[in-house]
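Everything below concerns the one structure shown next.
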Amino acid sequence: MRGCLRSGVPMSKPAPPSPTPARPVLIAGMYHSGTSMLAKCLHEQGVRMWSDEWGQVSDEKQEGREFCECKRLWDINQREQERGLVKLRADGMGYNYVPSLEMRQDLVGYRKAREAEGVAWGAKEPRIATYIDAYTGTFRGAKLILCLRNQGRVAESRLTRGHGTTPIVTLVTSLFTAARCLTRLNEAEGVDTFLWVYERTEAEHCRQQAALREFLGMPEFDYMGQFKRER
């Protein structure tokens, strides 16, 4: 990846390391790949992943449950999805997608509004990976975590939870999205990227957590306490 993958303090004393990243954190990936868990951990540990002004996204299938996503950003992605600009075709697989002007304007406005909050912040929504072109253009200087998971397990999880897509559709969409997102991130300037992998042993996750702490600049960041161990 290009870039690094990876007040009031008296002048006489060195400033302690910041407990939260100074730049926005984006979390992207396919559904059921660990995006919600990471976003929840970050939010609880000082990085505001959804805005108090717009609230969280409600789960239509489970009353009372909310995703770890900012409602305004979800709405921006939803409008772009409804424009139908990304097509899964055997001859192109959507690589010719160009973000709409409305999408770019919405994201610029969103970033300005979040920065005005004056706190460490970020955003998570799986479709960030689908519309990565718009995000790399608007979120220069951000840190991006791309969550990857075995596509077969993603398909199994969506089927088990009754999300209405056949496993083969999930497999194709997941593979396409991950490949395209990685291609675009490799070409992007100014967005530092961390690849976070769901299926790992506990020891491997401990090493991954240490690397993620360094990437975020958060020495105390911990996700292992909430991670669902694979059996």
Side-chain angles (χ1 to χ4, degrees), residues 20-86 94 97-147 158 161 163 173 177 180-181 184-185 188 190-194 196 216 218 221 223 226:
T20 55
R23 294 185 282 167
V25 180
L26 297 178
I27 300 179
M30 280 301 294
Y31 304 99
H32 311 290
S33 62
T35 58
S36 290
M37 185 270 290
L38 283 181
K40 184 173 184 290
C41 289
L42 278 168
H43 192 81
E44 291 176 347
Q45 295 174 51
V47 183
R48 189 178 293 174
M49 296 301 290
W50 52 88
S51 169
D52 294 338
E53 179 179 355
W54 298 296
Q56 292 177 252
V57 179
S58 298
D59 185 348
E60 296 179 355
K61 294 183 179 293
Q62 299 185 54
E63 185 176 353
R65 182 190 171 195
E66 293 179 306
F67 295 111
C68 301
E69 300 167 6
C70 179
K71 182 65 168 62
R72 181 173 176 183
L73 189 75
W74 190 96
D75 288 340
I76 291 172
N77 285 337
Q78 181 65 22
R79 287 194 294 270
E80 187 75 344
Q81 179 176 316
E82 291 171 356
R83 293 181 185 111
L85 300 177
V86 171
Y97 163 65
V98 176
S100 67
L101 177 60
E102 293 84 359
M103 173 75 153
R104 294 185 187 278
Q105 291 173 336
D106 285 345
L107 287 178
V108 169
Y110 177 78
R111 181 169 185 171
K112 288 180 178 179
R114 294 300 308 274
E115 288 175 343
E117 295 174 3
V119 298
W121 65 281
K124 166 259 173 182
E125 216 268 354
R127 288 175 297 188
I128 291 175
T130 301
Y131 304 116
I132 192 65
D133 309 66
Y135 283 88
T136 55
T138 308
F139 281 81
R140 290 180 180 272
K143 290 179 176 289
L144 186 142
I145 303 171
L146 177 61
C147 297
R158 285 184 68 75
R161 298 187 190 189
H163 283 201
T173 304
T177 302
R180 187 178 184 284
C181 188
R184 291 297 187 248
L185 288 171
V191 178
D192 294 344
T193 303
F194 186 97
W196 187 90
L216 295 172
M218 296 176 63
F221 177 68
Y223 74 77
Q226 298 188 40

**Request:** Could you pull out the closest heavy-atom pair between Ala123 and Tyr110, with the gap in Å?
**Result:** CB-OH, 3.8 Å
**Asked** Is Ile132 close to Leu144 at the side-chain level, that is, under 4.5 Å between some pair of heavy atoms?
**Response** yes
**Message:** Within the structure provided, determine whether Gln81 and Thr130 are in side-chain contact (heavy-atom separation under 4.5 Å).
**Reply:** no
**Message:** According to salt bridge (charged side-chain N to carboxylate O under 4.0 Å, His left out), who are the partners of Arg140, at least two apart in sequence or on a separate chain?
**Reply:** none
**Complete:** One should read off an interatomic distance between Cys147 SG and Lys124 NZ, to the nearest 0.5 angstrom, of 9.0 Å
**Message:** Counting C-beta onward and ignoring hydrogens, is there a side-chain heavy-atom pair between Leu26 and Leu146 closer than 4.5 Å?
**Reply:** no
**Leu42 vs Met218 side-chain heavy atoms within contact, under 4.5 Å** = yes
**Item:** Side-chain heavy atoms of Arg104 within contact of Pro99, under 4.5 Å
**Value:** yes
**Request:** Among Lys40, Met37, Gln45, find the one that has a side chain to side chain contact (heavy atoms under 4.5 Å, CB included) with Tyr223.
**Result:** Met37
**Asked** In Å, rounded to the nearest 0.5 Å, how long is the span from CD of Gln78 to CD of Glu80?
**Response** 11.0 Å
**Item:** Thr136 side-chain N/O to Asp133 backbone N/O, donor-acceptor pair under 3.5 Å
**Value:** yes
**Message:** Out of the candidates Glu69, Arg127, Glu125, only one should pair with Asn77 under the side-chain hydrogen bond (donor to acceptor under 3.5 Å, both in side chains) rule; please name it.
**Reply:** Glu125
**Asked** Could you give the distance from CG (Leu38) to CZ (Phe194), rounded to the nearest 0.5 Å?
**Response** 9.0 Å
**Item:** Distance-minimising heavy-atom pair for Tyr135 and Met103
**Value:** CE1-CE, 4.0 Å
**Nearest-0.5 Å distance that lies between atom CD in Glu102 and atom CD in Gln105** = 6.5 Å
**Request:** Find out whether Pro24 and Arg111 are in side-chain contact, i.e. whether some heavy atom of one side chain is under 4.5 Å from a heavy atom of the other.
**Result:** yes
**Request:** Please confirm whether the backbone N or O of Gly122 pairs with a side-chain atom of Arg114, one donor and one acceptor, at under 3.5 Å?
**Result:** yes
**Item:** Set of side-chain contact (heavy atoms from CB on, under 4.5 Å) partners for Val119, sequence neighbours left out
**Value:** Arg48, Glu117
**Asked** Going through the checks in order, is the salt bridge (Lys or Arg N to Asp or Glu O under 4.0 Å) test met by Lys71 and Asp75?
**Response** CA-CA 6 Å; Lys71 182 65 168 62; Asp75 288 340; 2.7 Å; yes
**Prompt:** Heavy-atom distance under 4.5 Å between the side chains of Arg23 and Asp192, does that happen here?
**Reply:** yes
**Complete:** Heavy-atom nearest pair, Trp196 first then Ser33, reads CZ3-O, 3.3 Å
**Asked** Between atom SG of Cys70 and atom CE of Met49, what is the distance when rounded to the nearest 0.5 Å?
**Response** 10.0 Å
**Message:** Let me confirm one number: the OG-CG distance from Ser100 to Asp106, rounded to the nearest 0.5 Å.
**Reply:** 7.5 Å
**Prompt:** Where do Arg180 and Tyr97 land on the side-chain contact (heavy atoms from CB on, under 4.5 Å) test, with the steps shown first?
**Reply:** CA-CA 10 Å; Arg180 187 178 184 284; Tyr97 163 65; 3.4 Å; yes
**Item:** Closest approach of Gly29 to Ala129 (non-hydrogen atoms, all atoms of both residues)
**Value:** N-CB, 3.9 Å
**Request:** Report yes if some heavy atom in the side chain of Glu115 is under 4.5 Å from a heavy atom in the side chain of Trp121; otherwise report no.
**Result:** yes
